[in-house]
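See below for the structure under consideration.
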Amino acid sequence: MSVTIASWNINSVRLRAGLVARLAEERSPDIICLQETKCPDGSFPRASFEKLGYRHMAISGQKGYHGVAILSRRPIVATSIREFCGMGDCRHIAADIETPSGGTLRVHNFYVPAGGDEPDPEINPKFAHKLSFLDELIDWFRQAPDEVGHANGTVLVGDLNIAPLPEDVWSHRQLLNVVSHTPVETDGLERVRAELGWVDVVRRHTPPPEKLFSWWSYRARDWAASDRGRRLDHIWLSPDLAPAARQTEILREARGWERPSDHAPVLARLDP
DNA sequence: ATGGTGGGCGCCCCA
């Protein structure tokens, strides 16, 4: 009676609904959290996901940018959305989902700002936004832990746009000054994680020194051969839920599917 | 040191 949850930055849900179908066929996750749907709610391809058995959906999209969604084969009993940094961006959605044992699982799905190219908040407003987003997350966790969490377990997933560990990038040394792996970001993400004691379940199951990536740039001539990846996509469990984790996987092969997203899906199987 | 690719939207933004 397990629940499998997947998180995937899909880079346009309308263009890649077929790839979501392939993920459903190959791994059959009960819950799929998507980021960068780039799609207003009225244009969301609901029907194609209903056909795959995902009859319950929580979506928060906007035209052209950002956008998050939760697809579920199990009933969604509540939904909430939080706005960060007063920007009006669609970067968060949460859902309470019924588990096989009759409880509910709270799922938070995030799309953290990428942060632009220059890792200096004084001259790059996108980087300042990214750091502010992390600060707001910490404040929220600190001030309203009951709103964030849930007695029967909470999952936080998403494209967090930060590769926290040296083994989460192809070259720690060469990426120390590259947005996604700078110390101010990795320290910031660690403070977010530590605030409520979230467990990075993928790394609990596959610890360093093994390298793990979930994103490979489109700009590489041969992404698989050069393998210059980063682990930007994460699944975190609340401390009470961590013992329920059974298996995790980053579906690297999806990066090689036809017209792929530049991100691969991350999956975790739980017995909640 | 630089530019490489891809998506959305509409003559350029974002990743």
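Here is how names work: the chains are called A, B, and so on, in the same order as the sequence lines, proteins then strands, and each is numbered from 1.
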Pair up each side-chain donor or acceptor in residues 78-87 of chain A with any protein partner under 3.5 Å, not counting sequence neighbours, and list the distances.
from, atom 1, to, atom 2, distance (Å)
Glu83(A), OE2, Met87(A), N, 3.2
Glu83(A), OE2, Gly88(A), N, 2.7

**Study point:** DNA chain B: 5'-proximal contact among Arg14(A) and Gly116(A) (nearest heavy atom)
**Key:**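 Whichever sits nearer the 5' end wins; that is Arg14(A).
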Point to revise | Position toward the 5' end of DNA chain B (nearest nucleotide), Gly64(A) or Ala220(A) | key: Ala220(A)
Check your understanding: Which is true for Arg259(A) with a 4.0 Å heavy-atom rule: it touches a base, it touches only sugar-phosphate, or it touches nothing?
Key -> sugar-phosphate
Exercise for review: Please identify each residue that fulfils side chain to side chain contact (heavy atoms under 4.5 Å, CB included) with Pro239(A), with sequence neighbours left out.
Suggested key: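 For Pro239(A) there are no side chain to side chain contact (heavy atoms under 4.5 Å, CB included) partners, ignoring immediate neighbours.
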Exercise for review: Not counting sequence neighbours, which residues clear side chain to side chain contact (heavy atoms under 4.5 Å, CB included) with Ser28(A)? List them please.
Suggested key: Arg73(A)
Check your understanding: Counting only non-hydrogen atoms, which of residues 166-180 of chain A are less than 4.0 Å from DNA chain B?
Key -> none
Check your understanding: Of all residues at least two apart in sequence or in a different chain, which pass the ring pair (Phe, Tyr, Trp, His ring centres under 6.0 Å) check with His108(A)?
Key ->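 Ring pair (Phe, Tyr, Trp, His ring centres under 6.0 Å) check on His108(A) returns His92(A), Trp140(A).
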Review point. How long is the span from the CD1 atom in Ile138(A) to the CZ atom in Arg191(A), to the nearest 0.5 Å?
Key: 4.0 Å
**Study point:** Nucleotide range of DNA chain B lying under 4.0 Å from chain A heavy atoms
**Key:**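 So the outermost contacting nucleotides come out as dG4(B) to dA15(B).
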Review point. Can you list every pair that meets salt bridge (Lys or Arg N to Asp or Glu O under 4.0 Å) and has a residue in residues 154-171 of chain A, with sequence neighbours left out?
Key: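 Counting only pairs at least two positions apart or across chains, the salt bridge (Lys or Arg N to Asp or Glu O under 4.0 Å) contacts touching residues 154-171 of chain A are Asp168(A)-Arg203(A), Asp168(A)-Arg231(A).
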Check your understanding: By the rule that ILVMFWY residues connect when side-chain heavy atoms come within less than 4.5 angstrom, directly or transitively, which residues belong alongside Ile10(A)?
Key ->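 Traced through the cluster, Ile10(A) reaches Trp8(A), Val13(A), Leu19(A), Val20(A), Leu23(A), Ile32(A), Leu34(A), Phe44(A), Phe49(A), Leu52(A), Tyr54(A), Met57(A), Ile59(A), Leu71(A), Leu251(A), Trp257(A), Leu267(A).
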Point to revise | With sequence neighbours excluded, residues passing side-chain hydrogen bond (donor to acceptor under 3.5 Å, both in side chains) with Thr248(A) | key: none
**Study point:** Distance between C1' atoms of dG10(B) and dC14(B) (Å, rounded)
**Key:** 15 Å
Practice item. Using the P atom on both, measure dA15(B) against dC9(B) and round to a whole Å. Key: 15 Å
